[in-house]
Protein chains: 4
Amino acid sequence: MNRRSAKESKESILEAAIEVFSEKGYSQTTIREVAERAGISVGGVYIYFKNKEEIYFTLLKYLLDEFRDRAGESIKDIEDPAEAVKNYIAINLNYAKKFKGLILIEGREHGFTSCIDIKKKFFKGQRRLIEEIIRKGVSSGRFERCNVEGTARVIIGTLRGFILSLVMDSDSLFSQKECNNLILGGLLKRGVK
Amino acid sequence: MNRRSAKESKESILEAAIEVFSEKGYSQTTIREVAERAGISVGGVYIYFKNKEEIYFTLLKYLLDEFRDRAGESIKDIEDPAEAVKNYIAINLNYAKKFKGLILIEGREHGFTSCIDIKKKFFKGQRRLIEEIIRKGVSSGRFERCNVEGTARVIIGTLRGFILSLVMDSDSLFSQKECNNLILGGLLKRGVK
Amino acid sequence: MNRRSAKESKESILEAAIEVFSEKGYSQTTIREVAERAGISVGGVYIYFKNKEEIYFTLLKYLLDEFRDRAGESIKDIEDPAEAVKNYIAINLNYAKKFKGLILIEGREHGFTSCIDIKKKFFKGQRRLIEEIIRKGVSSGRFERCNVEGTARVIIGTLRGFILSLVMDSDSLFSQKECNNLILGGLLKRGVK
Amino acid sequence: MNRRSAKESKESILEAAIEVFSEKGYSQTTIREVAERAGISVGGVYIYFKNKEEIYFTLLKYLLDEFRDRAGESIKDIEDPAEAVKNYIAINLNYAKKFKGLILIEGREHGFTSCIDIKKKFFKGQRRLIEEIIRKGVSSGRFERCNVEGTARVIIGTLRGFILSLVMDSDSLFSQKECNNLILGGLLKRGVK
DNA sequence: TATGAATGAGGCTTCATTCAT
DNA sequence: CATGAATGAAGCCTCATTCAT
């Protein structure tokens with residue numbers, strides 16, 4: 001028996017779960033496989049998680065939190081708002097590549113309200129982040145004057161599309177540069193670029 | 001025994017399947033529920049479809065084909081390329097609203113290669129459509145000179161994102177107008193708009 | 001619609017049934033396939049037969065009756081009892097080859113008492129036939145004196161074994177000559193052969 | 001929850017399976033019934049066996065192996081080849097009585113090639129065993145000179161027939177003595193018997 | 001008679017979850 | 001804490017049989 005601390009066990013389960021959920025999606029993932037990859041028994045999984053849903057929920061929450069932190073971090077000290085947007089896009093695409101499979105589960109394969117809530121909250125937070133940048137850009141004169149909330153929503157939505165395309169079509173259809181161009185093309189003052 | 005023509009039965013199954021797949025995703029959809037909503041017995045479903053996968057595949061093919069036709073139709077006689085793009089966007093968003101859930105199944109919750117193939121082909125076709133428009137727009141001077149293929153890809157990707165957002169966040173985050181602005185904002189010659 | 005007389009339809013069903021039962025065994029045979037091969041609808045089969053079991057039963061009865069007749073016929077005018085036994089063996093093996101598959105169903109794949117009864121009766125009749133021959137052979141001095149009933153049973157049993165081997169091992173393990181030798185070897189007076 | 005060791009559970013499943021397969025044949029045997037008789041849940045069966053076929057295959061292999069061992073054992077130290085043949089017959093008939101029904105499944109009610117292979121191999125081995133005895137008998141002068149391979153085949157085939165009769169007609173048609181007589185009658189030198 | 005769509009029970013198999021050890 | 005055998009509900013699919021036409 002490979003004795004581990006509770007924390008270690010829980011983490012190895014989550015790590016295994018990321019893998020398997022990514023590879024197979026939620027429904028096709030079995031607790032048995034997660035347990036095996038985590039090097040724990042089936043019953044062991046249920047010591048740390050109430051059920052399959054909780055594993056997914058924990059995972060999702062963890063990843064969103066981590067993403068939020070990193071995204072916030074990567075932006076906070078950047079003066080140029082265009083640069084900040086570029087960074088934000090970059091971190092999004094990176095994360096997407098890393099957790100390809102998980103993003104595909106975003107669909108309603110499972111109808112857990114808990115997950116919907118947490119995701120809404122997450123996207124709201126991200127929108128605030130973008131709004132901040134846009135506001136800074138507008139007031140500094142770098143960006144066109146615009147409806148800040150609306151524009152932030154559009155950017156988030158557009159990013160989602162990029163990410164989805166990136167993730168679904170293994171022959172990634174477009175690059176970060178193209179993504180930057182599209183988003184910034186609509187934001188930057190004409191001629192300033 | 002609810003007597004209907006074979007065609008009617010098959011169609012009512014497909015209609016029911018659209019509903020249920022949309023609501024629950026592929027894995028969570030049970031044949032029993034599809035059958036019930038179609039007003040047929042479980043066994044009856046298997047008269048018309050070899051298995052669950054075939055139902056999904058038939059549905060997907062049907063929707064994509066129909067979409068392709070409608071999209072082609074709605075564009076072909078439009079002179080102004082900007083108008084054509086707007087129309088294309090409109091029909092996309094409409095379709096997305098109508099078949100909300102089905103779009104969410106895009107994931108690899110099911111790994112049917114047949115579906116992957118058909119989808120790739122579909123998106124390729126759509127890209128060609130957009131490229132055509134862009135080319136026309138560029139040569140007519142309405143659009144900025146650009147990498148036609150790349151731009152088409154970006155537009156498709158962006159649209160996907162809009163649609164995904166539209167579909168996932170029931171409080172639709174942004175309007176068609178915003179979508180138009182973003183996409184056209186990057187295409188139209190400055191000042192022409 | 002290929003109009004046929006009731007008799008024709010019934011016969012074509014039986015012919016199809018022989019084929020399919022032979023190829024797939026009882027359980028694996030579906031009414032649908034029998035109907036298709038018979039060129040009749042599924043429902044049509046049920047006009048002529050109460051159910052699947054009745055088809056099998058009718059078939060079995062028909063074949064056993066026919067076999068009984070043929071076997072009786074092929075023996076009745078033969079003077080030499082050894083020759084008669086040889087003929088009986090020959091017709092057995094021929095029949096076995098022709099209805100290979102059906103013989104394999106003999107097992108208790110289906111537990112129809114009706115079939116058991118009819119088979120018992122058949123084998124009893126066959127035993128009587130053999131007993132007759134043996135008695136003739138013994139009284140004429142061609143065969144060794146022996147327990148007639150017991151010997152008849154043994155011969156039937158032995159033949160079954162030959163047939164089973166013939167039918168199961170596609171590389172038929174032994175020839176009719178070997179079969180003759182074994183059976184007659186135990187019957188014929190030493191030296192007479 | 002009926003706690004047992006894994007080995008115990010697996011064995012009780014196999015024991016139950018022997019019973020049910022024997023009584024009903026392969027197709028008519030349901031996992032549910034096997035499970036019930038084994039005192040385990042339906043799902044429990046699948047812990048130990050991949051599927052129904054594997055249960056059957058395991059059983060078949062086990063019985064054939066055991067039979068092979070016992071048959072070999074019961075013969076190896078016997079000097080008199082006639083005695084050896086008698087022993088071989090005896091063990092065959094005993095086994096047949098014990099596993100009555102299972103023998104009847106021989107048909108291709110299931111078309112598992114794995115089973116066909118294993119059976120062919122088994123019968124080949126048994127033939128070798130008999131050939132050995134015959135050779136010994138012939139060279140020692142107890143048996144008539146004969147085609148060893150052919151004779152072995154005939155004996156195996158004959159035995160199969162006896163067994164089949166024994167198994168199918170519950171009113172066992174003939175005794176071991178009669179079986180001995182037939183087989184040995186063709187082998188023993190005239191007058192020696 | 002004939003059709004073939006429809007039924008629905010039932011079989012196989014999977015898997016989240018529990019619990020005796 | 002940990003194990004993994006055991007459970008049982010539930011899903012997919014088949015097919016003998018029925019029945020409206």
Side-chain angles (χ1 to χ4, degrees), chain A residues 1-6 9-10 27-36 39-55, chain B residues 1-10 27-35 38-53 55, chain C residues 1-6 9 27-36 39-53 55, chain D residues 1-10 27-35 38-53 55:
Chain A
M1 217 181 311
N2 192 4
R3 280 283 161 187
R4 287 176 293 199
S5 72
S9 290
K10 196 164 181 176
S27 301
Q28 301 301 317
T29 291
T30 67
I31 297 293
R32 181 167 307 282
E33 180 159 7
V34 171
E36 263 159 25
I40 201 174
S41 67
V42 172
V45 172
Y46 284 84
I47 296 169
Y48 299 102
F49 298 93
K50 200 169 87 255
N51 51 30
K52 192 177 171 186
E53 175 173 348
E54 196 181 80
I55 299 177
Chain B
M1 234 176 286
N2 188 7
R3 283 283 147 183
R4 285 178 292 196
S5 74
K7 210 184 157 211
E8 279 170 342
S9 290
K10 191 163 185 177
S27 302
Q28 299 300 320
T29 291
T30 68
I31 297 293
R32 176 166 308 282
E33 182 159 5
V34 171
I40 202 175
S41 66
V42 172
V45 171
Y46 287 88
I47 297 171
Y48 301 101
F49 299 94
K50 210 171 75 254
N51 50 34
K52 193 178 170 186
E53 174 174 348
I55 300 177
Chain C
M1 218 181 308
N2 191 5
R3 279 284 162 185
R4 286 175 295 197
S5 72
S9 289
S27 301
Q28 300 301 318
T29 290
T30 67
I31 297 293
R32 180 169 306 284
E33 181 160 7
V34 171
E36 263 160 24
I40 201 174
S41 67
V42 173
V45 172
Y46 284 85
I47 296 170
Y48 300 103
F49 298 93
K50 205 170 82 253
N51 52 31
K52 192 178 172 185
E53 175 174 349
I55 300 177
Chain D
M1 235 178 286
N2 188 7
R3 283 284 147 184
R4 285 177 292 198
S5 74
K7 211 184 157 212
E8 278 169 342
S9 290
K10 190 164 185 178
S27 303
Q28 300 300 320
T29 292
T30 67
I31 297 293
R32 177 167 305 284
E33 182 161 5
V34 171
I40 202 174
S41 66
V42 172
V45 171
Y46 286 87
I47 298 170
Y48 301 102
F49 299 95
K50 209 171 76 252
N51 51 31
K52 194 179 170 185
E53 175 173 349
I55 300 177

> Reckon B/S5 has a side-chain N or O less than 4.0 Å from the OP1 or OP2 of E/dA5?
Replying inline: no

> When the distance from CD1 of A/I47 to P of F/dC1 is rounded to whole Å, what number comes out?
Replying inline: 8 Å

>> Let's see if you can work this out: which of E/dA2, E/dA5, F/dC1 has an atom nearest to the side-chain heavy atoms of B/Y48?
In response: E/dA5

> Taking only residues at least two apart or on different chains, which pairs with a member in residues 44-55 of chain A satisfy side-chain hydrogen bond (donor to acceptor under 3.5 Å, both in side chains)?
Replying inline: A/E53-A/S114

>> What's the separation between atom CD1 in A/I47 and atom NZ in A/K10, rounded to the nearest 0.5 Å?
In response: 12.0 Å

> Could you give the CZ-to-P distance, from B/R4 to E/dG4, as a whole number of Å?
Replying inline: 18 Å

>> Stem finding on DNA chain F, please: runs of three or more consecutive Watson-Crick or G-U wobble pairs, both distances under 3.5 Å, sorted by first number.
In response: E:2-21 with F:2-21

>> Between D/E8 (side chain only) and D/S5 (backbone N and O only), is there a donor and an acceptor less than 3.5 Å apart?
In response: yes

> Does A/S41 have any side chain to side chain contact (heavy atoms under 4.5 Å, CB included) partners at least two apart in sequence or in another chain, and if so, which?
Replying inline: none

>> Need one value for D/F49: base, sugar-phosphate or nothing, where a base atom within 4.0 Å counts as base even if backbone is also close, heavy atoms only.
In response: nothing

>> If the cut-off is 4.0 Å, is B/S41 near the phosphate of E/dT7, judged by side-chain N/O to OP1 or OP2?
In response: yes

> Taking atom P of F/dG4 as reference, at what distance in whole Å does atom CD1 of D/I40 sit?
Replying inline: 17 Å

> Could you write nucleotides 10-17 of chain F as a row of B, S and -, 5' to 3', where a protein heavy atom under 4.0 Å of any base atom gives B, of only sugar-phosphate atoms gives S, and otherwise -?
Replying inline: -SSBBBSB

>> Testing the basics here: between D/R4 and D/G39, what is the closest heavy-atom pair and its distance to 0.1 Å?
In response: NH2-O, 3.2 Å

>> Working note: D/V45 + D/I55, criterion side chain to side chain contact (heavy atoms under 4.5 Å, CB included); need CA distance, chi angles, decisive distance, verdict.
In response: CA-CA 9 Å; D/V45 171; D/I55 300 177; 3.7 Å; yes

> Could you state the interatomic distance from CD (C/E36) to CD1 (C/I31), rounded to the nearest 0.5 Å?
Replying inline: 12.0 Å

